[in-house]
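Here the structure comes first, spelled out in structure tokens, and everything after it is commentary.
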Number of protein chains: 2
Amino acid sequence: MSRSAGKPRRQSSVADRVYEALKDDIFEFRLIPGDRFSEGEIATRLAASRTPVREALYRLQREGHMDVLFRSGWQVKPLDFERVEELYDLRITLERAAMHKICSHPTPPPILRQLNAIWHPDHPSERAIGSTVRALDESFHCELVAAAGNREMTRIHQEITDRLRIIRRLDFTRPDRVDATYNEHAEILDAISSNQPGAAAEKLTAHIRTSQAAVREITMEKIREAARMHQQNKATP
Amino acid sequence: MSRSAGKPRRQSSVADRVYEALKDDIFEFRLIPGDRFSEGEIATRLAASRTPVREALYRLQREGHMDVLFRSGWQVKPLDFERVEELYDLRITLERAAMHKICSHPTPPPILRQLNAIWHPDHPSERAIGSTVRALDESFHCELVAAAGNREMTRIHQEITDRLRIIRRLDFTRPDRVDATYNEHAEILDAISSNQPGAAAEKLTAHIRTSQAAVREITMEKIREAARMHQQNKATP
DNA sequence: GATGGGCAGGTTGTATACAAGATGACTGAC
DNA sequence: GTCAGTCATCTTGTATACAACCTGCCCATC
């Protein structure tokens with residue numbers, strides 16, 4: 001979620017640009033967890049001064065992507081799998097609460113119609129493919145939480161989503177996972193539509209747990225592969 | 001929670017000092033929601049340069065205490081009561097989840113004994129009074145969440161606690177509220193001890209809701225009073 | 001008197017200079 | 001060969017200078 005969203009359109013700042021660039025570097029594995037670098041390096045590479053670079057790095061630090069080592073550089077936070085599990089747990093807690101909140105509203109939120117259109121297509125041929133599914137999946141969960149109507153909860157959930165994106169994106173590289181996602185999302189929407197918050201929460205939990213397990217096994221291999229590529233690039237500059 | 005906690009003891013930085021000072025100013029109502037000021041003012045007042053002041057302000061902004069107005073100063077975020085309600089809702093969601101997590105552990109967490117000693121005193125005379133109760137109450141809720149064992153959940157809960165502190169502190173100015181707090185905390189601990197997560201969650205929810213309602217009515221008056229004092233100080237410098 | 005434009009002052013955003021300290025390689029002694 | 005100490009280098013933390021631009025006041029004009 002861009003910080004300028006909703007605002008009168010703050011002109012783009014260098015700090016924002018650096019922030020987005022670094023975040024992209026992390027998400028695209030150009031910066032491997034564990035990589036170390038200095039503010040000066042980044043500043044040179046992105047043609048900026050240290051000041052906006054520092055601002056961007058501190059933002060990323062607060063979001064849990066970076067560590068600052070006192071007077072000895074920055075490090076992309078090593079992937080801590082225990083921490084990831086905890087983020088998943090927290091995510092489940094928030095999304096379960098969202099189910100109950102949505103169902104306790106007097107009228108169902110309008111977003112449900114759009115979500116149904118996406119995840120309950122008239123024909124299977126209308127299903128999205130590839131990286132689009134990843135974006136749709138993310139937006140499905142975010143929209144549901146947002147529909148609960150608690151902006152603070154939505155904000156925290158968004159923060160968690162940002163931090164988990166780096167590994168969730170691996171979930172849709174297998175066709176069977178895409179199929180499962182469609183079926184499970186559809187079931188969750190059905191439960192909400194028939195005002196069964198308990199059932200919706202249970203299905204949601206199972207859905208996230210399944211995805212979590214699938215991602216877990218893929219992640220390790222990807223990390224290793226990325227590290228291998230990285231090492232190669234270093235060896236032959 | 002100090003950022004240096006757990007680390008090898010990073011020497012205290014100017015930025016940290018400014019951050020704590022500003023946070024105190026907000027919590028102690030020396031900075032009223034809505035107040036505007038510039039980075040230069042703060043830097044002069046706290047005998048620092050603009051750089052660490054900016055870092056502190058951006059931290060406070062991310063935590064929801066400040067707004068930055070593009071090239072026209074900073075503002076203490078006006079108290080948005082809807083936002084406060086949402087924070088309370090989120091807090092309840094997290095603490096309820098903590099109850100279930102605690103009860104699902106094979107062995108009860110050791111912290112329970114300490115909490116029981118505090119909130120289940122052998123004699124009523126051992127009850128704390130005044131501002132101590134506020135600190136104890138805050139730590140009661142934080143410790144319970146921490147006992148659930150999810151560090152991310154604990155971190156978010158701590159953030160919420162920080163943001164709500166400014167108004168929760170008003171809850172213990174009335175003796176009847178102190179009594180109620182003791183009784184309710186004791187009941188919650190009993191429910192946990194007898195492994196009844198559902199009951200614990202319900203009692204906790206009721207406890208927080210009661211406190212929320214009590215605080216709500218006090219807050220309005222305090223804010224008005226503070227604004228009055230503030231105006232007076234401005235009029236007679 | 002009301003209104004619009006220009007200007008001065010102030011504010012944040014960015015770049016750069018300097019300070020304090022951590023790191024690691026090198027050198028010398030044993 | 002090994003280990004300890006020293007020092008150059010590099011890093012972040014902080015201060016300050018400069019740029020871009022927003023705001024509100026003042027004055028001229030209608």
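Protein chains get the first letters and strands the later ones, always in sequence-line order, with residue 1 at the start of each. Keep in mind that this is a model prediction, so the values were computed, not measured.
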In whole Å, what is the span from the [atom1] atom of [X] to the [atom2] atom of [N]?
X: Y19(B); N: dG13(D); atom1: OH; atom2: P; answer: 17 Å
X: E55(B); N: dT14(D); atom1: CD; atom2: P; answer: 7 Å
X: R36(A); N: dC10(D); atom1: CZ; atom2: P; answer: 15 Å
X: Q75(B); N: dC22(D); atom1: CD; atom2: P; answer: 18 Å
X: F70(B); N: dT12(C); atom1: CZ; atom2: P; answer: 11 Å
X: L69(A); N: dT12(D); atom1: CG; atom2: P; answer: 9 Å

Check this one for me: any side-chain N or O of R54(B) less than 4.0 Å away from OP1 or OP2 of dT12(C)?
no

Strictly below 4.0 Å: does Y58(A) bring a side-chain N or O up to OP1 or OP2 of dG13(D)?
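Y58(A) to dG13(D) OP1/OP2: side-chain N or O found under 4.0 Å.
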
Could I get the full list of ring-ring contact (aromatic ring centres under 6.0 Å, His included) partners for F27(A), not counting sequence neighbours?
H65(A)

Residue list, ring-ring contact (aromatic ring centres under 6.0 Å, His included) with H157(A), at least two apart or on another chain:
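H157(A) satisfies ring-ring contact (aromatic ring centres under 6.0 Å, His included) with no residue once adjacent residues are dropped.
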
Would H141(B) and H185(B) count as a close aromatic pair, with their ring centres under 6.0 Å?
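Here the rings of H185(B) and H141(B) have centres that are less than 6.0 Å from each other.
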
What residues, two or more places apart in sequence or in another chain, satisfy side chain to side chain contact (heavy atoms under 4.5 Å, CB included) together with [X]?
X: A21(A); result: L46(A)
X: V84(B); result: L79(B), Y88(B), L164(B), I167(B)
X: D80(A); result: E82(A), R83(A), R151(B)

Between S72(A) and E39(B), which residue's closest nucleotide on DNA chain C lies nearer the 5′ terminus?
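It is E39(B) whose nearest nucleotide is closer to the 5' end.
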
Residues from residues 41-51 of chain B sitting under 4.0 Å of DNA chain D, heavy atoms only?
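A48(B), S49(B), R50(B), T51(B) - these, ordered by number, are the residues of the stretch whose heavy atoms sit under 4.0 Å from the strand.
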
Choosing from dT12(C), dG13(D), dA15(D), which nucleotide comes nearest the side chain of W74(B)?
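Of dT12(C), dG13(D), dA15(D), dT12(C) is nearest to the side chain of W74(B).
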
One pair to check against side-chain contact (heavy atoms from CB on, under 4.5 Å): W119(B) and T181(B). What are the steps and the verdict?
CA-CA 9 Å; W119(B) 301 101; T181(B) 299; 3.9 Å; yes

Any donor-acceptor pair, under 3.5 Å, between the side chain of R71(B) and the base of dT11(C), if you only look at N and O atoms?
no

